J.: 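Take this structure first; my questions come after.
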Amino acid sequence: MIEFQRIHKNYHLSGQKAHEALKGVHGIIHRGETVALLGPSGSGKSSLLNICSLLDNSYKGRVIIDGEAITKTPEFSIDIRREKIGLIYPGFSLVAAYTVFENIEFPLILNHVPDKIRRARVSDMILKLNLKKYEGFKPDQLTVELKRRVLVARAFINKPVAIIADEPVADLDTRDAVSLTEAIKRIGKETGSSVLIATCDSDLAVSCDRIIHLHDGNIVEHVPLASIQRSKVSEALPWGI
């Protein structure tokens, strides 16, 4: 479970009035639940993701992960992030010198998981994401879609409490985007991870268990999937799409 409480985030630009990116937002993502954080560019999605993933400690409010309130000391944040959070950020590079297997395995090595358990877990994750034929490939031999699958595998390999994803299917065609989104949801339920996906894509959003609308730094509403029809999602959004 991941919870954020009364989160305020300001950006201070030289000679200008402070920009309030987040205005006291709060929410909770339960174990095994996949939630879309939906909003237009500039709504505060990236700011909230960076705070929930403990990449940004300069905010007011509180983040709770697995029942534990997060302190804002860098050392504590690094430990919690390594042990309990998986990140799916397309801009986060795979290690060019490592194979697919080694890239997925790397977080387990950092957490000192025994060799036998480590290799069995990686092999299982490779099968879940249909990467078996590519496990010996290097990143520069992979398509964008396959690289995204490796990023997803690496994020889930530690069976994290929370998965934080920023536009995980951006630039993929519709078929690949749907397939990868379904894989994220399925593995999230299997591992019991709380999955928060930031997106501008209404189709991705309505495929999740719930939608959190974010607009101008405020959460407009929390929408369960059952209350919104896929064809009507644009009408339900206060800013339109």
Side-chain angles (χ1 to χ4, degrees), residues 1-11 19-39 43-89 92 107-108 110-113 151-152 154-168 184-199 204-205 208-225 227:
M1 181 271 287
I2 182 167
E3 183 175 2
F4 48 94
Q5 300 178 341
R6 301 180 300 280
I7 301 295
H8 292 263
K9 173 66 181 180
N10 291 337
Y11 290 99
H19 170 64
E20 194 174 9
L22 295 170
K23 305 171 182 177
V25 298
H26 61 273
I28 184 169
I29 298 90
H30 299 285
R31 283 282 200 157
E33 183 182 35
T34 299
V35 174
L37 181 62
L38 181 64
S43 61
K45 298 190 308 296
S46 294
S47 295
L48 185 55
L49 279 199
N50 288 339
I51 289 168
C52 288
S53 61
L54 313 186
L55 294 172
D56 182 357
N57 289 326
S58 60
Y59 62 90
K60 293 181 180 179
R62 189 163 71 155
V63 175
I64 299 172
I65 296 177
D66 202 21
E68 182 175 15
I70 303 303
T71 69
K72 296 179 183 178
T73 60
E75 296 81 6
F76 183 78
S77 295
I78 289 170
D79 288 343
I80 293 294
R81 188 166 62 245
R82 187 181 68 245
E83 295 170 7
K84 296 188 176 184
I85 298 176
L87 302 179
I88 306 173
Y89 281 38
F92 280 21
L108 298 177
L110 291 179
N111 281 340
H112 309 292
V113 176
L151 286 172
V152 170
R154 188 174 69 180
F156 274 110
I157 197 63
N158 268 323
K159 300 180 181 178
V161 171
I163 289 286
I164 308 295
D166 190 7
E167 299 285 2
I184 291 171
K185 290 165 53 185
R186 183 183 70 252
I187 299 171
K189 291 189 186 305
E190 290 173 358
T191 58
S193 301
S194 303
V195 181
L196 180 62
I197 301 177
T199 184
L204 185 157
C208 296
D209 299 316
R210 183 159 50 91
I211 299 171
I212 296 176
H213 290 168
L214 189 63
H215 186 57
D216 285 342
N218 287 301
I219 289 178
V220 180
E221 58 182 333
H222 298 254
V223 183
L225 179 61
S227 73

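These numbers come from a predicted model, not from an experiment.
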J.: Determine whether Cys208 and Glu33 make a side-chain contact, defined as any pair of heavy atoms from C-beta on separated by less than 4.5 Å.
T.: no
J.: For a quick test of reading the model, state the closest non-hydrogen atom pair linking Ala155 to Ile163 and the distance between them.
T.: O-CD1, 3.5 Å
J.: Please report the shortest heavy-atom distance between Pro168 and Ala198, naming the atom on each side.
T.: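 Closest pair (atom of Pro168, atom of Ala198, distance): CD-O, 4.2 Å.
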J.: Would you name the heavy atoms of His26 and Arg6 that are closest together and state the gap between them?
T.: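 Taking His26 first and Arg6 second, the nearest heavy atoms are CB-N, 3.8 Å.
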J.: How long is the span from the CG atom in Leu37 to the CD atom in Glu167, to the nearest 0.5 Å?
T.: 10.0 Å
J.: Show the nearest heavy-atom pair for residues Tyr89 and Ile164, with the distance to one decimal.
T.: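 Between these two residues, the closest heavy atoms are CE1-O, 3.7 Å.
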J.: If you round to the nearest 0.5 Å, how far is CD of Glu20 from CG of Asp216?
T.: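 Nearest 0.5 Å value for the CG-CD distance: 11.0 Å.
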J.: Rounded at 0.5 Å granularity, tell me how far CD1 in Ile85 sits from CD1 in Ile78.
T.: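 Spacing of CD1 (Ile85) from CD1 (Ile78) equals 12.0 Å.
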J.: Look at the side chain of Lys45 and the backbone N and O of Leu214, then say whether any donor-acceptor pair between them is shorter than 3.5 Å.
T.: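 Not at all, since once roles are kept as given, no pair shorter than 3.5 Å links the two residues.
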J.: What do the steps show when you test Lys189 against Asp209 for side-chain contact (heavy atoms from CB on, under 4.5 Å), and what is the final call?
T.: CA-CA 11 Å; Lys189 291 189 186 305; Asp209 299 316; 3.2 Å; yes
J.: Flag the pair Ile2 / Val161 as yes when at least one side-chain heavy-atom distance between them is below 4.5 Å, and no otherwise.
T.: no
J.: Are the side chains of Asp166 and Ser46 in touch, meaning some heavy atoms are under 4.5 Å apart?
T.: yes
J.: Between Ile219 and Phe4, is any pair of side-chain heavy atoms under 4.5 Å apart?
T.: yes
J.: Just wondering, do Leu22 and His8 contact through their side chains at under 4.5 Å, heavy atoms?
T.: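 No; the side chains remain at least 4.5 Å from each other.
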J.: Backbone N or O of Val35 within a donor-acceptor pair of the Arg210 side chain at under 3.5 Å?
T.: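 Absent.
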J.: Does a sphere of radius 6.0 Å around CZ in Arg82 hold more than 12 heavy atoms from other residues, nucleotides or ligands, not counting ones at 6.0 Å or beyond?
T.: yes
J.: Indicate the atoms forming the closest heavy-atom contact of Leu54 with Arg81, along with that distance.
T.: O-NH1, 2.7 Å
J.: The criterion is ring-ring contact (aromatic ring centres under 6.0 Å, His included); which residues satisfy it with Tyr59, sequence neighbours excluded?
T.: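 Expected list: none.
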J.: Find the distance between CD1 (Ile184) and CD1 (Ile88) and round it off to the nearest 0.5 Å.
T.: 4.5 Å
J.: Quick one: NZ on Lys23 to CD1 on Ile7, what's the gap to the nearest 0.5 Å?
T.: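 Going from the NZ atom of Lys23 to the CD1 atom of Ile7 covers 15.5 Å.
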J.: Distance-only check: which donor-acceptor pairs under 3.5 Å involve side-chain atoms of residues 62-69, not counting sequence neighbours?
T.:
| from | atom 1 | to | atom 2 | distance (Å) |
| --- | --- | --- | --- | --- |
| Arg62 | NE | Gln5 | OE1 | 3.0 |
| Arg62 | NH2 | Gln5 | OE1 | 3.0 |

J.: When you measure from the side chain of Ser194 to the backbone of Ile29, do you find a donor-acceptor pair of N or O atoms at a distance under 3.5 Å?
T.: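 Checked: pair present.
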J.: Is there a side-chain contact (heavy atoms from CB on, under 4.5 Å) between Glu83 and Asn158? Walk through the geometry before answering.
T.: CA-CA 7 Å; Glu83 295 170 7; Asn158 268 323; over 6 Å; no
J.: Restricting to non-hydrogen atoms, name the atom on Ser53 and the atom on Leu87 that form the minimum distance, rounded to 0.1 Å.
T.: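 For Ser53 and Leu87, the tightest heavy-atom pair comes out as CB-CD2, 3.4 Å.
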J.: When you look at Lys9 and Asp56, which way does the side-chain contact (heavy atoms from CB on, under 4.5 Å) test go after all the steps?
T.: CA-CA 10 Å; Lys9 173 66 181 180; Asp56 182 357; 2.9 Å; yes
J.: Quick check for you: to the nearest 0.5 Å, what is the distance between Ser193 atom OG and Met1 atom CE?
T.: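 CE of Met1 is found 13.5 Å from OG of Ser193.
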J.: State whether the side chain of Lys159 and the backbone N or O of Gly192 hold a donor-acceptor pair below 3.5 Å, judged by distance alone.
T.: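 No; judged by distance alone, with no hydrogens or angles, the pair does not exist.
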J.: Just by distance, do the side chain of Thr34 and the backbone of Val195 share a donor-acceptor pair under 3.5 Å?
T.: no
